[in-house]
Amino acid sequence: MVSGRGASAVALVLLLHSCERPPAPATAAPARPPTPLAAPARDAFAGGPHRGACFAHALAPGSGYGTPAAAASLAELRALGVDWVSITPFGFLPRPDATDIRRLSGESDERLRAVTAQAHALGLRVLLKPHLWLRPPHWPGDVAQADEAGWQRLFDAYGEFLLHYARVGREAGADALLVGNELAAASGRDADWRRLIAAARREFPGPLGYGANYSEVEQVPFWDALDFIGVSGYFPLVESPAPSRRELVAAWAPFVARLGALSRRWDRRVVF
């Protein structure tokens with residue numbers, strides 16, 4: 001999880017994915033004048049680069065958010081130099097055109113509050129990342145509707161889902177919130193997202209971002225309404241099955257330049 005702005009807009013580090021152990025070529029977005037941030041507190045990722053880990057809820061008995069096993073794993077991450085973790089309550093859709101979002105019972109509000117407290121006790125900051133999911137081969141980028149009525153049903157349902165977690169994040173003291181993740185087929189609906197973002201700001205006092213898939217990050221039209229640019233950086237780099245470090249570093253260079261330009265265009269930090 002890395003951030004920057006301006007000429008040093010992007011630095012690259014490994015983004016870890018962790019869960020607690022059981023016991024024992026895109027088209028650029030249309031130019032829009034950047035909106036000044038409301039207050040310095042919105043710049044949660046100043047002083048980067050940061051080292052972040054996606055911290056997943058474990059399903060094994062005796063484990064999961066808020067348990068001693070979670071606390072032990074968070075302590076291990078802290079010892080490795082991690083300073084941010086994302087925690088992820090999932091919402092499930094049975095198919096891409098569905099609007100009935102189901103929640104995973106194990107990731108309860110109580111557990112989300114508990115794991116946030118565990119992280120804060122260790123000096124870790126917390127990004128709350130509510131995330132829609134579908135059964136493979138579908139992914140969140142497939143979520144779409146066939147007509148305007150369907151889109152409004154989807155955004156009404158998703159708004160209820162998001163605002164619930166915005167309130168949980170406020171109660172838990174989360175340090176930042178993502179309003180969406182990798183919803184590539186829906187992220188072009190500028191007005192709908194701006195309404196959701198405005199509603200989320202009324203519920204959550206901290207910085208807001210959106211987690212764009214690498215294929216959509218340059219096309220998202222509402223970065224100025226948010227406080228940071230999130231990106232799932234799965235950029236295809238090389239075709240070789242065993243590339244050298246030098247080849248990988250060289251392959252990253254154009255993407256670093258493009259993300260740097262995106263950061264300067266919108267005057268927002270980039271967070272992986």
Side-chain angles (χ1 to χ4, degrees), residues 1 15-23 39 41-45 50-80 82-93 101-133 140 157-182 196-211 226-228 230 271:
M1 183 183 292
L15 176 62
L16 304 174
H17 184 92
S18 176
C19 63
E20 62 273 20
R21 297 178 182 176
R42 292 284 180 206
D43 200 356
F45 297 101
H50 298 282
R51 298 174 178 88
C54 300
F55 193 66
H57 174 74
L59 299 175
S63 64
Y65 288 157
T67 63
S73 284
L74 287 168
E76 289 186 43
L77 291 173
R78 191 72 178 104
L80 290 170
V82 169
D83 59 0
W84 278 84
V85 290
S86 64
I87 59 175
T88 307
F90 281 100
F92 292 89
L93 288 171
I101 300 171
R102 294 177 287 111
R103 300 174 191 170
L104 184 64
S105 59
E107 296 164 350
S108 67
D109 298 349
E110 181 181 9
R111 281 180 177 267
L112 294 172
R113 286 189 284 263
V115 73
T116 301
Q118 288 176 323
H120 283 164
L122 292 164
L124 293 161
R125 286 186 283 182
V126 173
L127 169 66
L128 184 59
K129 180 176 172 280
H131 198 337
L132 290 186
W133 202 252
Y158 185 74
E160 182 180 346
F161 173 78
L162 171 63
L163 295 182
H164 172 81
Y165 287 113
R167 288 187 286 269
V168 171
R170 181 190 67 218
E171 294 163 2
D175 300 281
L177 173 71
L178 285 192
V179 300
N181 289 275
E182 301 177 358
L196 280 187
I197 292 164
R201 286 211 186 277
R202 291 193 289 270
E203 298 291 348
F204 184 78
L208 302 179
Y210 171 78
L226 295 166
D227 304 305
F228 60 94
V271 180

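Worth knowing before you read on, the calculation uses all heavy atoms, side chains too, and leaves out hydrogens, waters and symmetry mates.
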F228 and L127: side chain to side chain contact (heavy atoms under 4.5 Å, CB included), yes or no, with the steps?
CA-CA 12 Å; F228 60 94; L127 169 66; 4.2 Å; yes

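- Expressed to the nearest 0.5 Å, how far NE2 of H57 lies from OG1 of T67 amounts to 8.5 Å.
- Aromatic ring pairs are classed by plane angle as parallel below 30°, tilted from 30° to 60° and perpendicular above 60°; the pair F161 and Y158 is tilted.
- Taking both residues in full, the closest heavy atoms of R111 and S63 are given as NH1-O, 3.5 Å, listed atom of the first, atom of the second, then distance.
- R78 pairs by the salt bridge (charged side-chain N to carboxylate O under 4.0 Å, His left out) definition with nothing, not counting sequence neighbours.
- Distance check: R202 CZ to L163 CG gives 8.0 Å after rounding to the nearest 0.5 Å.
- Side-chain contact between T88 and W133 is absent, with no heavy atoms from C-beta onward closer than 4.5 Å.
- Contact between L77 and F55 at its shortest, heavy atoms only, is CD1-CD1, 3.8 Å.
- Atom CD of E171 sits in a crowded spot, with more than 12 heavy atoms from other residues, nucleotides or ligands closer than 6.0 Å.
- Atoms OG1 and CD, from T116 and Q118 in turn, are 9.0 Å apart once rounded to the nearest 0.5 Å.
- Under the 30°/60° scheme for interplanar angles, the aromatic rings of W84 and H50 are found to stand perpendicular.
- Here CG of L132 is found 5.0 Å from CG of L93. Values are rounded to the nearest 0.5 Å.
- Separation of atoms CG (L178) and CG (L128) is listed at 8.5 Å; rounding is to 0.5 Å.
- Closest of all the heavy-atom pairs between S86 and C54 is OG-CA, 3.2 Å.
- Between P140 and H131, some side-chain heavy-atom pair lies under the 4.5 Å cut-off.
- Residues passing the salt bridge (charged side-chain N to carboxylate O under 4.0 Å, His left out) test with R167, sequence neighbours excluded: E203.
- A200 and L208 get closest at one heavy-atom pair: CB-CD1, 4.1 Å.
- A69 and G62 get closest at one heavy-atom pair: CB-O, 4.3 Å.
- The shortest non-hydrogen separation linking Y165 to P130 is CD1-CB, 3.9 Å.
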Run the numbers on L74 and L124 for side chain to side chain contact (heavy atoms under 4.5 Å, CB included), then give the verdict.
CA-CA 9 Å; L74 287 168; L124 293 161; 4.1 Å; yes

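- In this structure, NE2 on H120 lies 3.5 Å from CG on D175, to the nearest 0.5 angstrom.
- Salt bridge present: D227 and R201 bring a charged side-chain N and a carboxylate O closer than 4.0 Å.
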